[in-house]
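Right, one structure below, let's go through it.
This chain uses plain numbering: 1 for the first residue, then up along the sequence.
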Amino acid sequence: MTKDREELIQWLRNSKPETVVTEIAQKLEEGIPTDELWAVGALTAARYVSNQARNLLGFVSHAMIGCEDARAAADQQPEDIQRLMLIQALSQVVMDLQDPCFAPYELSDVWGIEESSVKESIAQLRSDVRFGEWLRADHRLVGLERKIPRAELVDLILDIGLEGIVTDDHTLITPALSLDMMELTGWEDGFAMLRGTIRYSCTFPRNFGPYDLASGLVEEFELAENLVQGTEDPTKAQHLRVAILEAKPADRPRLVASSLATGISAETMMSALSLAACDMYLQVEPVPHEDYDAVSREVAPIHIGTTLNILRASLRRMFRGTAARAVVMGGCLLERGPSILNENFEFISFEPGPAYPRTEHVETAKSKGTNELLEELERSLFAHDVGLATAAVKAFELAGGDPEELITLLVRVACTDDGTLMHNVKHLHSCLGEFRASSNPDRWNFLISAAKWVSWYAGKDTKTYQRAVGLISA
């Protein structure tokens with residue numbers, strides 16, 4: 001690690017919430033590249049913020065992966081939005097450094113251990129992860145990093161991440177976003193983030209049934225050797241979307257696997273799964289803001305779309321057998337459906353309700369022009385009016401509005417909220433990613449989902465934003 005980068009990490013580590021906004025603005029004025037500051041934020045969180053889950057509903061820091069989500073969401077947006085997003089993300093790192101659930105903490109070096117063969121080292125690593133031996137698993141990962149090619153290690157880490165995604169998709173989201181951020185940090189500096197991902201997977205109970213089911217289906221249909229990759233067929237994706245939604249939930253994993261065995265490409269199936277998950281999310285009612293810990297309950301349902309976005313994006317880093325298992329795991333996610341938490345924080349089955357946007361709201365909004373619809377969208381987002389917000393997006397689509405103009409508005413509004421553990425930016429990013437990746441006529445549903453999501457968080461806590469916006473505009 002360079003001396004300059006280490007100095008920046010120690011600066012951020014020792015910053016305070018009441019001063020960090022001004023300090024970040026000063027670093028930008030001094031000419032510190034934004035890419036370097038993004039990397040510093042993620043590395044500081046990786047080294048000094050504990051990201052080890054205590055239980056499924058316990059506090060988990062999103063600071064490290066939030067840096068990558070924010071960076072990606074801000075990409076190609078106006079400079080002021082990029083700077084606001086950077087300030088919000090780095091401020092979240094500092095807030096987590098002051099949180100007694102996450103700090104004080106420091107990721108210590110480990111010496112790494114190896115078995116008599118690479119095969120045995122991998123088997124022991126996977127066993128330690130399943131049994132929750134997080135420190136020994138860390139040692140084994142460091143030992144393997146010295147022995148096997150990086151592509152093989154990345155595939156292994158992602159496959160381990162797949163094991164837990166039906167219980168908690170952070171087991172895959174965390175390594176996937178860390179690998180994206182490593183394009184800025186470099187492998188050597190960024191490897192600390194991957195160590196954190198393995199520790200995370202070790203530290204809470206996971207249901208391995210879906211992973212074992214997917215592995216069995218991959219073997220039954222010989223998908224490890226025969227999975228088709230590389231092209232998407234939009235027509236087939238639409239037919240599969242309908243078939244998935246019409247199938248009994250328990251039949252969905254096998255439907256996915258058997259369809260892949262007929263030559264349906266991984267990309268086609270991921271498109272179908274993502275569209276179907278989006279349909280489901282739009283059938284979930286928002287949690288009332290006044291409910292106890294509403295943030296935790298509101299975030300649960302949208303995770304299904306974020307997981308599918310991560311699965312799709314991770315296929316390029318996976319070997320064929322892992323990619324096949326990943327796609328079939330998408331079917332397992334659709335078997336479960338969106339995660340729903342009731343008032344007693346118990347997971348309950350997803351029951352489809354009336355979908356957003358509602359027809360009567362769209363009919364009213366259709367009479368307005370695109371500029372007026374953007375103004376209405378912004379008002380309804382801050383008013384937390386999900387009905388009007390989602391209808392404004394649909395009417396904007398029908399009026400032939402420019403999606404990038406609407407996306408800029410959504411990202412700008414997301415910048416106003418102080419992160420609430422970076423949830424707002426994290427899930428907005430996945431919605432935008434799926435919209436851009438899709439060629440389906442209904443791809444605007446991803447932007448409708450984004451508006452539904454942002455409408456819950458918009459302006460919830462704006463202290464950091466209020467400090468930052470004045471400095472940036474000046």
Side-chain angles (χ1 to χ4, degrees), residues 69-70 72-85 88 234 238 241 271 274-275 277-279 281-284 286 302 305 309 354-417 424-460 462 465 469 472-473:
D69 277 314
D75 186 40
Q76 301 181 38
Q77 296 301 322
E79 184 178 358
D80 67 317
I81 290 181
Q82 294 186 40
R83 291 190 165 207
L84 280 169
M85 199 70 86
Q88 290 282 25
Q238 176 61 17
R241 169 195 181 186
S271 177
S274 185
L275 287 161
C278 184
D279 292 334
Y281 173 65
L282 289 172
Q283 294 174 303
V284 177
I302 199 171
N309 172 253
Y356 287 99
R358 305 288 159 75
T359 303
E360 61 272 21
H361 292 149
V362 176
E363 287 300 315
T364 301
K366 279 167 60 176
S367 62
K368 300 172 182 176
T370 55
N371 289 337
E372 189 178 358
L373 285 168
L374 289 176
E375 292 172 0
E376 179 165 306
L377 173 60
E378 184 169 8
R379 286 194 302 271
S380 58
L381 290 174
F382 284 112
H384 309 302
D385 191 327
V386 62
L388 293 183
T390 54
V393 176
K394 183 62 180 180
F396 187 82
E397 174 201 355
L398 296 173
D402 179 0
E404 292 302 326
E405 192 175 0
L406 187 142
I407 287 170
T408 295
L409 171 60
L410 290 172
V411 176
R412 188 179 294 280
V413 172
C415 286
T416 65
D417 178 49
N424 55 347
V425 175
K426 171 183 174 182
H427 298 292
L428 171 62
H429 165 217
S430 66
C431 291
L432 301 184
E434 288 305 290
F435 171 78
R436 290 179 170 135
S438 178
S439 56
N440 188 281
D442 287 340
R443 71 186 189 128
W444 277 79
N445 283 358
F446 294 113
L447 297 186
I448 295 171
S449 291
K452 178 178 184 285
W453 172 248
V454 173
S455 72
W456 200 90
Y457 278 90
K460 187 171 174 57
T462 62
Y465 170 77
V469 72
I472 289 176
S473 61

Whether Glu397 and Arg443 form a salt bridge (side-chain N of Lys/Arg under 4.0 Å from carboxylate O of Asp/Glu) is what I want to check. no
Closest approach of Tyr281 to Ser449 (non-hydrogen atoms, all atoms of both residues): CD2-OG, 3.6 Å
Least distance between heavy atoms, Ala74 atom then Gln82 atom: O-CG, 3.3 Å
Holding to salt bridge (charged side-chain N to carboxylate O under 4.0 Å, His left out), I want the full list of residues that pass it with Glu375, two or more places apart in sequence or in another chain. none
Where Leu275 and Asp442 come nearest, the two heavy atoms and their spacing: CD2-O, 4.4 Å
Taking everything shown except Glu404 itself, do over 12 heavy atoms lie less than 6.0 Å from its CD? yes
Treating Thr416 as the side-chain partner and Arg412 as the backbone partner, does any N or O pair qualify as donor plus acceptor under 3.5 Å? no
How are the rings of Trp444 and Phe396 set to each other: parallel, tilted or perpendicular (split at 30° and 60°)? tilted
The single option from Lys366, Arg358, Glu360 passing side chain to side chain contact (heavy atoms under 4.5 Å, CB included) against Val362: Lys366
According to side-chain contact (heavy atoms from CB on, under 4.5 Å), who are the partners of Ser367, at least two apart in sequence or on a separate chain? none
Ser274 side chain to Ser271 backbone, donor-acceptor under 3.5 Å: no
Side chain to side chain contact (heavy atoms under 4.5 Å, CB included) with Leu428: of Ile302, Val413, Ile407, Val454, only one passes, and it is Val454
Straight-line distance of Leu377 CG to Leu409 CG, nearest 0.5 Å: 5.0 Å
Is a donor on one side and an acceptor on the other found under 3.5 Å between the side chain of Asn424 and the backbone of Ala414? yes
Exercise: identify the closest heavy-atom pair between Pro357 and Lys394: CG-CB, 3.8 Å
Which pair of non-hydrogen atoms, one from Gln88 and one from Tyr465, has the smallest distance, and what is that distance? NE2-CB, 3.7 Å
I'd like to know if the side chain of Lys368 reaches the main chain of Ala395, judged simply by a donor and an acceptor atom lying under 3.5 Å from each other, with no hydrogens or angles considered. no
Charged N to carboxylate O under 4.0 angstrom, Arg379 versus Asp385? no
Backbone of Gly387 reached by a side-chain donor or acceptor of Thr390 within 3.5 Å: yes
Identify the two heavy atoms, one from Phe446 and one from Ser438, that lie closest to each other, and give their separation to 0.1 Å. CE1-CB, 4.0 Å
